[in-house]
Amino acid sequence: MKEELKIFCAGSNPDLTTSIAEVLGLELNSLKIARFSNDNITVQIQENVRERDVFVVQSLTTPVSEQIMKMLITLDALRSASAKRITAVIPYYSYARSDKKDAPRISITARLIADLLKTAGADRVLTMDLHSPQVHGFFSMPVDHLTATALIADYFKNKPGREKMIVVATDAGGAKRAGRLAEHLDVPIAIVDKRRISDTEVAQGEMVGNVRGKVCIIFDDEIATGSTILETMKTLKEAGAGKIYVSAVHGVLCGDAVPRLQESGMEELVVTNTVHIAEEKKMNNMTVLSVAPLLAEAIRRIHTGESIGEMFPQELGMKPQS
Ligand code: R5P
């Protein structure tokens with residue numbers, strides 16, 4: 001495997017990429033990203049990739065446009081260098097939120113980025129917990145869509161008060177996701193009705209489910225400004241909830257999300273490392289679970305041609321259409 005498989009970091013997740021390589025028993029492969037005096041980016045692959053199975057890790061995190069350009073140029077450089085197959089490993093695909101035409105004359109940018117990745121040279125994509133599962137279909141190449149739900153569930157299985165736990169979805173769209181976490185934990189769910197007012201503001205409406213005295217786990221795909229979580233917490237507190245844990249796969253934590261969450265009175269924040277979390281953003285009661293073993297196993301299986309679905313029997317099993 002050592003000779004055949006190559007793993008590169010295109011800039012956004014150096015720690016995660018190093019961990020993935022370590023789990024696979026490989027060295028991280030080397031590329032050089034530089035900038036010309038006119039601000040153009042240049043990427044040079046530092047080793048031979050001819051006829052190799054190559055994986056490039058890059059989450060679309062801030063500065064998003066720059067990370068996208070680095071990824072596209074890296075993919076193109078690898079293709080020009082005659083890599084046999086190139087997999088774009090995108091642990092966090094931020095543009096997945098731009099997945100519908102919900103205002104006049106806008107772009108469905110999740111599809112545009114999918115097209116750009118293909119044009120640049122990606123043969124396949126490996127990603128995690130897309131904002132909506134339909135985004136998978138925007139790619140005209142094979143996509144392996146992993147989920148960190150079981151990883152997060154395993155973490156909460158060790159918490160006290162399981163018999164009083166309830167998983168809370170922050171809106172109707174997240175109910176299926178919350179339901180899967182609840183299934184893993186074998187606990188009920190509640191759903192809070194969210195209305196998005198603007199990019200940074202949300203308002204909560206009615207809640208379905210009884211949270212009085214319960215240990216609540218608010219579960220979302222991502223936390224950006226933190227407004228959704230804070231509004232949900234308000235609703236839960238008004239409804240008499242007990243301890244409130246907050247969990248999301250992608251800890252984007254933009255702007256002043258960290259101080260706002262820190263003051264919220266939550267028991268603990270549990271996220272994963274799909275998004276690199278800078279030291280200054282780490283809170284005392286924050287746990288960052290590593291998705292490196294999951295991604296490494298998926299990369300190994302893609303390389304050897306084994307099933308990825310078998311990694312997620314509970315989520316990806318054949319289910320009746322709903
Ligand atoms: C959107 O519907 C997502 O599921 C999250 O709820 C959203 O991205 C969170 O954004 P924010 O933290 O800015 O409220």
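First listed ligand is number 1; within each ligand, the first listed atom is number 1.
- Looking at T228, V252, L261, L230 one by one, the single match for side chain to side chain contact (heavy atoms under 4.5 Å, CB included) with I223 turns out to be L261.
- More than 12 heavy atoms of other shown residues, nucleotides or ligands fall within 6.0 angstrom of atom CG in N40.
- Using a 4.0 Å cut-off between a side-chain N of Lys or Arg and a carboxylate O of Asp or Glu, R111 and D99 do not qualify as a salt bridge.
- Checked for salt-bridge contact, E268 and K159 meet the test: a charged N lies under 4.0 Å from a carboxylate O.
- Looking at Y93, its side chain does come within 3.5 Å of a backbone N or O of A110 through a donor-acceptor pair.
- Pocket lining of ligand 1, defined as residues with a non-hydrogen atom under 4.0 Å away: R97, H131, D171, K194, R196, D220, D221, E222, I223, A224, T225, G226, S227, T228.
- Within a 6.0 Å sphere centred on CD of Q46, heavy atoms belonging to other residues, nucleotides or ligands number more than 12.
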